[in-house]
Amino acid sequence: MKYEAVIGLEVHAELLTESKIFCSCTTKFGGEPNTHVCPVCLGLPGTLPVLNKKVVEYAVRAGLALNCTIANFSKMDRKNYFYPDLPKAYQISQYDLPLCSNGYVEIEVDGKVKKIGIKRIHIEEDAGKLLHENTDGSLVDYNRAGVPLIEIVSEPDMSTPEEAYQYLTKLKSILEYTEVSDCKMQEGSLRVDTNVSVRPVGSTELGTKIELKNLNSFRAVQKALEYEIKRQIKVLEEGGTIVQETRRWNEAKGITEPMRTKEEAHDYRYFPEPDLVPIIVTDEWKEEIRKSLPEMPHHKRERFIAEYGLPEYDAKIITSSKKMADFFEKCVLEYDSPKTVSNWLMGEFSRLMNETGKEIDEVPVTPQMLVKLLKLIDNGVISGSIAKTVFEEMFGTGKEPEVIVEEKGLKQIANENELREIIKKVIAENPKSVEDYKNGKEKAMGFLVGQVMKATKGKANPQLTNQILKEELSK
């Protein structure tokens, strides 16, 4: 029997407001424990929450960008489920009247476009952070308590781990473009819960749902889903039954493990938050927010192809991150070779960012510095291979490229007489390759060029090297 997976995702994104959802405390990440708090977010007796208007605006921005219907009337609800990391011991969220609903995003997998529905987007407060470092008990840091969140709940429209990965990538890109969240998973500002079940192909009934936790990257989501789908199919093929439960992803072992059983849904005993008035979003305000939306990733991709002549693949990669797209455009304002800039961003830049785990705005290399490096190559000051060495130094130190070239003595050898002497020596030391070249073996030329580069530590001018080599070999 063949099986198919049914996948739905719940994404929590912290909003980029300066203050918390119900008080004026800072939302800045970090800080000493319990220093970003006040009587309101500590839930002290006699305090009342006041809804931050910017939270509503940012949620509407996200909703519009994700093609949602925005409710003119919604409300906040009290979620009565014990939260040990919220001082009030309950959470203020939204239940039956969310701010945004019935949206969608389009993803592309294997050349096919698929629409993934978004059931709802609602606003709520984040919880604090429990620290299980003390054997006598747990510590709690309330700095994060009250930071505004949007929860984006997808429809169960995804059927493969790759679709889930593409959905998350597209969602993250849109949230970054609208500037409602920085989406930094390493700081907890983007968190993903995954629901997955399997069923026989052709069946309309949903299988038993498993929730996956401890997913700290999109690749982890993809890997956890791949494992879990295989696990569930194996259980069913062996005649077993899937038990509804929450499982955690063990990155080191590459498996999912039981965390807790979940035989039935929690009764959260929602009721309208008595301390907050309903949320009214007028059509005029909605339109004002809509007009303020920036160019979205798919529109920017189309423009980059038309305006800069980038291949579709390059444009897709560059525009997947707003920060990278902005970096690219600043470069091409000063350097009229978009494809060269694109190659560097997708090549050396991305390689080093992946190795260091840094975002492009956390790197000390500015667009102006990259342009200077490219101009050094064009002007024959350094070779393309030496440029990679210089760039790595720029990436690590933030030094200007011309300073590094001077300090390290990396200027190209462009003196014809000096280079000719080196080439003569290489020819004398490699008679077999010289003979091969003269017998029509073109690969021998590549070997000899490599030997010249080795002798000059990569500083020989490539064009001049080829020219002199051919002259000397024709004698």
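Note that the numbering runs from 1 along the sequence shown for the chain.
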Less than 4.0 angstrom from a charged side-chain N to a carboxylate O is my criterion; do [X] and [Y] meet it?
X	Y	result
Arg301	Asp314	no
Glu108	Lys114	no
Glu312	Lys316	no
Arg219	Glu226	no
Glu14	Arg191	yes
Lys286	Asp283	yes
Arg303	Glu329	yes
Lys411	Glu406	yes
Glu179	Lys322	yes

Does [X] use its side chain to pair, donor to acceptor, with the backbone of [Y] at less than 3.5 Å?
X	Y	value
Thr178	Ile174	yes
Asn72	Val281	yes
Glu288	Glu284	no
Ser74	Ala71	no
Ser173	Thr169	no
Ser433	Leu448	no

Residue pairs fulfilling ring-ring contact (aromatic ring centres under 6.0 Å, His included) with at least one residue in residues 166-196, sequence neighbours excluded: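 Every pair satisfying ring-ring contact (aromatic ring centres under 6.0 Å, His included) with a residue in residues 166-196: there are none.
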Show me the pairs that pass ring-ring contact (aromatic ring centres under 6.0 Å, His included) and involve residues 289-309, at least two apart or across chains.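 Pairs touching residues 289-309 that pass the test: Phe304-Tyr308, Phe304-Phe328, Tyr308-Phe328.
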Can you sort out the partners of Asn216 under side chain to side chain donor-acceptor pair (under 3.5 Å), two or more places apart, ordered by chain and number?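 Applying side chain to side chain donor-acceptor pair (under 3.5 Å) to Asn216 gives none.
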Under 3.5 Å, side-chain donor or acceptor atoms of residues 384-394 against the rest of the protein: list the pairs with distances, not counting sequence neighbours.
{"from": "Ser385", "atom 1": "OG", "to": "Ser383", "atom 2": "OG", "distance (Å)": "3.2"}
{"from": "Glu392", "atom 1": "OE1", "to": "Arg351", "atom 2": "NH2", "distance (Å)": "3.4"}

For Asp436, check side-chain contact (heavy atoms from CB on, under 4.5 Å) against everything at least two apart and list the hits.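 Counting only residues at least two positions away or on another chain, Asp436 forms a side-chain contact (heavy atoms from CB on, under 4.5 Å) with Lys432, Lys441, Ala444.
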Less than 3.5 Å apart, any donor N or O on the side chain of [X] or [Y] sitting next to an acceptor on the other?
X	Y	result
Lys470	Asn466	no
Thr27	Arg144	no
Glu257	Asn250	yes
His132	Ser138	yes
Trp285	Glu287	no
Asn102	Thr69	no

Any idea which heavy atoms bring Asn34 and Asn143 closest together, and the distance?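 In terms of heavy atoms, the two residues are closest at N-OD1, 3.1 Å.
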Crowding at [atom1], [X] (>12 non-hydrogen neighbours, <6.0 Å):
X	atom1	result
Glu18	CD	no
Asn379	CG	yes
Glu32	CD	no
Lys129	NZ	no
Asp110	CG	no
Lys223	NZ	no
Lys339	NZ	yes

State which residues pass salt bridge (Lys or Arg N to Asp or Glu O under 4.0 Å) with Lys330; sequence neighbours excluded, sorted by chain then number.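 Salt bridge (Lys or Arg N to Asp or Glu O under 4.0 Å) check on Lys330 returns nothing, list empty.
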Have a look at Glu228 and tell me which of Arg247, Arg248, Lys213 forms a salt bridge (charged side-chain N to carboxylate O under 4.0 Å, His left out) with it.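 By the salt bridge (charged side-chain N to carboxylate O under 4.0 Å, His left out) criterion, Glu228 pairs with just one of Arg247, Arg248, Lys213: Arg247.
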Are side-chain heavy atoms of Leu86 and Tyr142 found at a separation under 4.5 Å?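 Not touching, per the 4.5 Å side-chain cut-off.
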